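Treat the numbers as computed from the prediction; the structure is a model and nothing was measured.
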Amino acid sequence: MAAPGPGEYFSVGSHVSCITCLGQRLQGEVVAFDYPSKMLTLKCAPSSGKLNLSDVVLVNLAYVSDVDVISDRAETPPPLASLNFNKLVNRARAEKEDKLSQAYAVSAGVSVEGQQLFQTIHKTIKECRWQEKNIIVMDDVVISPPYQVDNCKGKEGSALSHVRKIVEKHFRDLESQKSVQHSQQAQQTQKDSALSS
């Protein structure tokens with residue numbers, strides 16, 4: 001592949017402007033540029049209007065015109081932040097375990113309510129898993145179908161009490177969501193009947 005010619009390469013930190021094939025003008029700071037694929041990553045002004053944020057836009061240069069370098073970066077860009085590789089590996093492993101756990105619950109025929117309860121508990125207590133259709137929390141509490149407060153079994157103590165409170169709050173929140181939805185549907189029905197009269 002031939003070396004990039006003038007105007008075919010963009011330095012990180014440069015400010016460029018271009019017009020997309022849809023006629024939209026993009027302007028921003030170059031975050032990354034891949035010459036072989038002609039992909040340009042721009043950090044643009046936020047569309048939300050929040051000054052502490054930026055929009056990041058991937059631009060395929062095959063679909064833009066009037067590419068102008070507004071200002072080229074004169075100094076060397078700052079070094080990239082170092083990544084904690086172990087933290088990334090641990091996060092990927094935890095995400096994989098979560099997805100496998102969800103897949104197991106679906107394949108084991110666990111009810112939607114049971115899956116939702118598991119997700120609610122897992123947000124607070126990471127040490128929970130499936131054992132067939134039972135939810136095991138901290139190896140101390142077992143929640144069996146139909147996953148109500150009365151179905152929480154284990155040695156009396158703070159762990160059992162805490163899990164029961166989470167289960168109780170989960171179902172209380174579900175009921176309040178259902179009542180809000182029901183009242184919204186009732187209001188919509190009243191509006192619809194008033195309009196049809």
Side-chain angles (χ1 to χ4, degrees), residues 1-107 110 112 114-130 135 137-138 166 169-170 173-174 176-177 180-181 184 188:
M1 183 176 279
E8 293 183 2
Y9 182 81
F10 302 95
S11 302
V12 172
S14 300
H15 287 270
V16 299
S17 169
C18 62
I19 298 175
T20 68
C21 61
L22 300 174
Q24 178 187 13
R25 176 168 288 284
L26 295 175
Q27 182 175 327
E29 178 184 343
V30 175
V31 177
F33 175 64
D34 181 55
Y35 180 75
S37 65
K38 302 283 195 219
M39 291 298 291
L40 181 65
T41 306
L42 296 177
K43 181 169 75 172
C44 302
S47 57
S48 66
K50 295 181 180 178
L51 298 178
N52 59 337
L53 300 176
S54 298
D55 288 350
V56 176
V57 182
L58 294 175
V59 181
N60 185 337
L61 293 179
Y63 297 104
V64 298
S65 60
D66 293 334
V67 180
D68 296 318
V69 177
I70 297 169
S71 65
D72 208 358
R73 183 173 191 114
E75 68 274 0
T76 306
L80 296 174
S82 63
L83 296 176
N84 184 337
F85 188 71
N86 289 334
K87 188 175 181 179
L88 291 173
V89 168
N90 289 337
R91 182 188 285 175
R93 183 182 38 75
E95 287 295 320
K96 180 180 177 184
E97 288 172 3
D98 285 351
K99 297 302 178 198
L100 288 173
S101 176
Q102 290 173 16
Y104 173 80
V106 170
S107 68
V110 174
V112 173
Q115 294 174 41
Q116 290 172 341
L117 177 61
F118 181 89
Q119 292 301 320
T120 299
I121 295 169
H122 194 258
K123 287 177 189 172
T124 307
I125 304 170
K126 295 295 180 197
E127 194 181 333
C128 62
R129 59 185 169 79
W130 289 103
I135 300 172
V137 184
M138 300 182 294
I166 293 171
K169 183 179 181 328
H170 170 77
D173 291 348
L174 278 181
S176 67
Q177 287 175 358
V180 167
Q181 289 174 348
Q184 288 173 344
Q188 187 62 41

A.B. asks: Tell me the closest heavy-atom pair linking Cys44 and Val57, and the distance in Å.
C.D. replies: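 Smallest interatomic distance, heavy atoms only, reads SG-CG2, 4.0 Å.
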A.B. asks: Quick test of your reading of the model: are Glu95 and Arg91 salt-bridged, counting only N-O distances below 4.0 Å?
C.D. replies: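 Result for this pair is no, no salt bridge flagged.
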A.B. asks: For Phe118 and His122, take the angle between the two ring planes, folded into 0 to 90°, and tell me which bin it lands in: parallel under 30, tilted 30 to 60, perpendicular over 60.
C.D. replies: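 Rings of Phe118 and His122: parallel, under 30°.
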A.B. asks: Say you draw a straight line from CZ of Arg93 to CG of Asn86; how long is it, rounded to the nearest 0.5 Å?
C.D. replies: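 Answer rounded to 0.5 Å: 10.5 Å.
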A.B. asks: Please report the closest heavy-atom contact between Ile70 and Ser17, naming both atoms and the distance.
C.D. replies: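 Looks like CD1-CB, 3.7 Å.
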A.B. asks: What's the spacing between Gln116 CD and His170 NE2 if we round to 0.5 Å?
C.D. replies: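 Going from CD on Gln116 over to NE2 on His170, the span is 5.5 Å.
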A.B. asks: Is the side chain of Gln115 donor-acceptor paired with the backbone N or O of Gln102 at a distance under 3.5 Å, no angle test?
C.D. replies: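 Not a single qualifying donor-acceptor pair exists.
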A.B. asks: Would you compute the distance between atom CD1 of Ile166 and atom CD1 of Ile121 and round it to the nearest 0.5 angstrom?
C.D. replies: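 The CD1 atom of Ile121 is 6.0 Å from CD1 of Ile166, to the nearest 0.5 Å.
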A.B. asks: Is the shortest side-chain heavy-atom distance between Leu42 and Val30 below 4.5 Å?
C.D. replies: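 A side-chain contact under 4.5 Å exists here.
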A.B. asks: For the residue pair Ile135 and Gly114, what are the closest heavy atoms and their distance?
C.D. replies: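 Heavy-atom minimum between the residues: CD1-O, 3.9 Å.
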A.B. asks: How long is the span from the CG atom in Asp34 to the CG atom in Asn60, to the nearest 0.5 Å?
C.D. replies: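 So the CG of Asp34 and the CG of Asn60 are separated by 10.5 Å.
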A.B. asks: Using the side chain to side chain contact (heavy atoms under 4.5 Å, CB included) rule, pick out the option among Asp66, Val64, Asp68 that qualifies with Ile19.
C.D. replies: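 Among Asp66, Val64, Asp68, the one that satisfies the side chain to side chain contact (heavy atoms under 4.5 Å, CB included) with Ile19 is Asp66.
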A.B. asks: From Glu29 CD over to Ser71 OG, what is the distance, rounded to the nearest 0.5 angstrom?
C.D. replies: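 With rounding to 0.5 Å, CD (Glu29) is 8.5 Å from OG (Ser71).
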A.B. asks: Can you tell me if CG on Leu88 sees more than 12 non-hydrogen neighbours from other groups inside 6.0 Å?
C.D. replies: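 Count over threshold, so yes.
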A.B. asks: Please check if the number of heavy atoms outside Tyr63 that lie under 6.0 Å from its OH is greater than 12.
C.D. replies: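 Check fails, neighbour count at 12 or below.
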A.B. asks: Going by heavy atoms in the side chains, are Leu61 and Phe10 under 4.5 Å from each other?
C.D. replies: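 Heavy-atom side-chain distance check passes, below 4.5 Å.
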A.B. asks: Specify the closest pair of heavy atoms between Ile125 and Cys128, including all atoms of both residues, with the distance to one decimal.
C.D. replies: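 Scanning both residues completely, I find the closest heavy atoms to be O-SG, 3.5 Å.
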A.B. asks: For atom NZ of Lys169, decide whether the heavy atoms of other residues, nucleotides or ligands shown that lie under 6.0 angstrom number more than 12.
C.D. replies: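 Atom NZ in Lys169 is not crowded, with 12 or fewer foreign heavy atoms closer than 6.0 Å.
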A.B. asks: Please report the shortest heavy-atom distance between Trp130 and Ser101, naming the atom on each side.
C.D. replies: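 Trp130 and Ser101 have their closest heavy atoms at CD1-OG, 3.2 Å.
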A.B. asks: Strictly by side chain to side chain donor-acceptor pair (under 3.5 Å), give each pair with a member in residues 41-53 just once, sequence neighbours left out.
C.D. replies: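 Residue pairs with at least one partner in residues 41-53: Ser47-Asp55.
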